[in-house]
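Note: hydrogens, waters and symmetry copies are ignored here, and every other heavy atom, side chains too, is used.
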Amino acid sequence: MSGINRQLNHMMETEIHVPIGSPTIRKFQIFVDEHNVTEGAMKLIKELRPGWDPNLIRTKLFTDGTTNKLVGCYVEDCLDDVVLVRVYGNKTELIVDRDNELKSFQVLHANGCAPRLYCTFQNGICYEFMQGRALDTQDVRDPVLLRLIAREMARIHAIHAHNGCIPKPNLWIKMRKYFSLVATEFTDQASNVRIQQEVPSQEVLEQEMMWMKEHLSQLGSPVVLCHNDLLCKNIIHNAKEGHVRCIDYEYSSYNYQAFDIGNHFNEFAGMSEPDYNLYPSREMQLDWLHTYLQAYKLFTKKGEEVSQLELETLYVQVNKFALASHFFWGFWALIQAKYSTIEFDFLGYAVLRFNQYFKTKPDVMALEIPK
């Protein structure tokens, strides 16, 4: 098989496929200035909601994003129809596959897990606002919400979005891409004392990455459709309807089941000022994982009974893949530190994630899959 054919096959095996008959996404040749989002948003609203009176349109800027700029548009006193306009952050095409994001959006919407996608424009997308409240680090520990989240993740993981090929995980391809970007983009920053002093050397990072791939790939974690970025604020709780939904699908892909869960457990620490003492205890994890396995088996028509062996196996897989999550977002933060215009200490965040990886690695690697 030629190299090109191998590459195409691999792309097909990791690619998300949109269901036949899905609505076509409207495209507008409008560019929105990330420093003046409201003006561009109004042009888009004129196309999407021609019946809205421009004098009554109100906007709300959301300021807690670390990748993009986001503004909500609605008619005064009418919050039933809020259109979100998301402008892609500077150079984020380096870290986000935008075609894949659109496919994820369509697939998840077709399965009742995502809002409607209204359109794309030159440097962003418009979509439906999901009613509810974004969660925080306390909410994800709440016994009721914790189980709702576990069931919703199981529902996403049970979705079939491949074309018959056995899907392959996107983790190592993406991590290798991020590492290559870090290696090439930071050569001119050798004088940056902070990077030299606080970030592990490229040799160490590459060595750890290769070691991870060789060990973690053998754990037997199923490859499923994953969100891959389930931080607290990407979970919306609709108390009225009694459910949670996940938003922001920029990093969605086929990946290891245990990575998606381990990544979520890491996010218990929060993002602006991460506190890894908030990482869920073994007891809390087992509660979460039992609910998850019950739901996943139900959605994939494999019964509902969860054995102790299944539970303990997933617990070990999840905690080992949580290590890979630290590395993934460490690389991501280094790239963002160079390009992002968002006010956030990305370099400090990268250092935190790499430090946590090395701190937890000995205990986590001592865990063994039960026989």
Could you give me the CA-CA distance, side-chain angles and deciding distance for Tyr127 and Tyr118, then say whether ring pair (Phe, Tyr, Trp, His ring centres under 6.0 Å) is met? CA-CA 5 Å; Tyr127 54 100; Tyr118 294 134; 8.2 Å; no
Pair Phe31, Phe121 - check ring pair (Phe, Tyr, Trp, His ring centres under 6.0 Å), show working. CA-CA 7 Å; Phe31 181 85; Phe121 51 96; 8.6 Å; no
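Taking 4.0 Å as the cut-off between side-chain N and carboxylate O, Arg245 and Glu152 count as a salt-bridged pair. Checked for salt-bridge contact, Glu47 and Arg26 miss the test: no charged N lies under 4.0 Å from a carboxylate O. Note on Arg58 versus Glu76: salt bridge recorded, some NZ/NE/NH1/NH2 to OD/OE distance being below 4.0 Å. Taking 4.0 Å as the cut-off between side-chain N and carboxylate O, Lys168 and Glu15 do not count as a salt-bridged pair. Ion pairing between a basic and an acidic side chain is recognised when a charged N comes within 4.0 Å of a carboxylate O; Glu250 and Arg86 show such pairing. Look at Asp97 and Lys174 and you find no salt bridge, because none of the NZ, NE, NH1 or NH2 atoms lies under 4.0 Å from a carboxylate O.
By the rule that hydrophobic residues join a cluster once side-chain heavy atoms approach within less than 4.5 Å of another member, Leu231 and Met130 end up as members of one cluster.
Judged purely by distance below 3.5 Å, without hydrogens or angles, the side chains of Asn266 and Trp329 never pair a donor atom with an acceptor atom. Between the side chains of Arg49 and Tyr74, no donor N or O sits under 3.5 Å from an acceptor N or O. Thr341 and Glu34 share a donor-acceptor pair across their side chains, judged by distance under 3.5 Å alone. A side-chain donor-acceptor contact under 3.5 Å links His157 and Tyr292.
Under a cut-off of 6.0 angstrom, the local environment of NZ in Lys213 is sparse, with at most 12 non-hydrogen atoms contributed by other residues, nucleotides or ligands. Taking a 6.0 Å sphere around NZ of Lys91, one finds it holds 12 or fewer heavy atoms contributed by other residues, nucleotides or ligands.
Between Tyr256 and Phe321, the ring center distance clears the sub-6.0 Å criterion.
Under the ring pair (Phe, Tyr, Trp, His ring centres under 6.0 Å) test applied with Phe331, the options Phe354, Tyr178, Phe346, Tyr349 reduce to a single match, Phe354.
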